Amino acid sequence: MPKPIGIFDSGVGGTSIWKEVAKMLPNEKTIYLADSANAPYGEKSKEEILRLSIKNTEYLLGQGCKIVLVACNTATTNAIDYLRSHYNVPFIGIEPAIKPAALHTKTKKVGVLATKGTLSSSLFHNTSKLFAEGITVLEQEGKGLVELIEAGKIQSEEMKTLLQAFLQPMLDQNIDCLVLGCTHYPYLMPVLKDILPEHINIIDSGEAVARQTKAVLEHNNLLSSVAEPEHIFYTNADVEVLKDLVDRPTAQVAYLDF
Ligand code: DGL
């Protein structure tokens, strides 16, 4: 029996990563957990983020997953070291894409929009130090954005006002790259494009994570070749918001108190 890829996020945002994975690995079964009842993780303590990440991982491993994709920057930056050292499957994480932004920027100024939990983590700081030497990294906490996305309010006036307030100070300081450091934020692309001038590069890590997932499966001889594989999505909150974002009629989307 081919085993599925397990994916979890604090909520619906990691489906932006699932889409890249399903595109790059069309013959893999997937199980996705949206822990929306506990979103946002970004405002929680490291201990709490770790506890929730363990809960999600154990559920996925109980379902026979062969690899776990932590489709959440906040959970990755706070919990992936622990997960890797305590469970016997490969883990793929996601972090703000500072390195490509640092390579790309001409103004030597890069903006990062992420959660408080990500920006305050030592993993994020180490990555910034390592890859952004000589570059000014302007950090902005996206407080409130995840809650609005979880409530299905992507195109709302509230969202536009919040984003404008977060981005204007970075624009005033002449950034030319904006790193989306949270897997919920790719869904903000239409709103971001309205606010940001055209020359600003918006960078997210979705495709890179899918590529890495494929490489790790290959390396561990874990690739599957299922024709029309199942994609199962569980949420412990609103099924409709998740269904809308997954946007694939053949996917199974259900409520589960995991
Ligand atoms: N998708 C999560 C991330 O990438 C959102 C975190 C949150 O729930 O605050 O960081």
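Treat the numbers as computed from the prediction; the structure is a model and nothing was measured. Numbers for residues simply follow the sequence, beginning at 1. Read the numbers this way: they start at 1 and go in the same order the structure lists the ligands and their atoms.
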Could you tell me how the ring of Y59 sits relative to the ring of F258: parallel (under 30°), tilted (30 to 60°) or perpendicular (over 60°)? tilted
Value rounded to 0.5 Å, distance of OH in Y187 from SG in C182: 11.5 Å
How close does the nearest protein non-hydrogen atom get to atom 6 (C) of ligand 1, and which residue and atom is it? T74 OG1, 3.3 Å
Could you tell me how the ring of Y82 sits relative to the ring of H86: parallel (under 30°), tilted (30 to 60°) or perpendicular (over 60°)? parallel
For ligand 1, indicate whether the residue C182 contacts it via side chain, backbone, both or neither (heavy-atom separation under 4.0 Å). both
Inspect the contact between K55 and D35 and indicate whether a charged nitrogen and a carboxylate oxygen are less than 4.0 angstrom apart. yes
Does G42 have a non-hydrogen atom less than 4.0 Å from ligand 1? yes
Describe, in one word, how the ring planes of Y32 and F233 are oriented to each other, choosing from parallel (under 30°), tilted (30 to 60°) and perpendicular (over 60°). tilted
Below a 4.0 angstrom heavy-atom separation, can you tell me which part of N73, side chain or backbone, both or neither, approaches ligand 1? both
For K3 and E28: C-alpha separation, side-chain torsions, deciding distance, then whether salt bridge (Lys or Arg N to Asp or Glu O under 4.0 Å) applies. CA-CA 8 Å; K3 294 179 167 187; E28 296 288 340; over 6 Å; no
Measuring from atom CZ of F166 to atom CD1 of I195, what distance do you get when rounded to the nearest 0.5 angstrom? 10.5 Å
For P40, the ligand 1 atoms whose distance to one of its heavy atoms is below 4.0 Å: 7 (C), 8 (O), 9 (O)
Identify the protein heavy atom lying closest to atom 7 (C) of ligand 1, giving its residue, its atom name and the separation to 0.1 Å. Y41 N, 3.2 Å
Please say whether E43 places an N or O atom under 3.5 Å from an N or O atom belonging to ligand 1. no
Checking the N or O distance criterion of under 3.5 Å, is ligand 1 in contact with T115? no
Within-cut-off N or O pair, S10 and ligand 1, under 3.5 Å: yes
Could you walk me through whether E43 and K143 pass the salt bridge (Lys or Arg N to Asp or Glu O under 4.0 Å) test, one step at a time? CA-CA 8 Å; E43 299 293 311; K143 198 171 165 54; 3.4 Å; yes
Looking at ligand 1, is there an atom of it that comes within less than 4.0 Å of some heavy atom belonging to C72? yes
Which of the numbered atoms in ligand 1 are under 4.0 angstrom from any heavy atom belonging to D9? 1 (N), 2 (C)
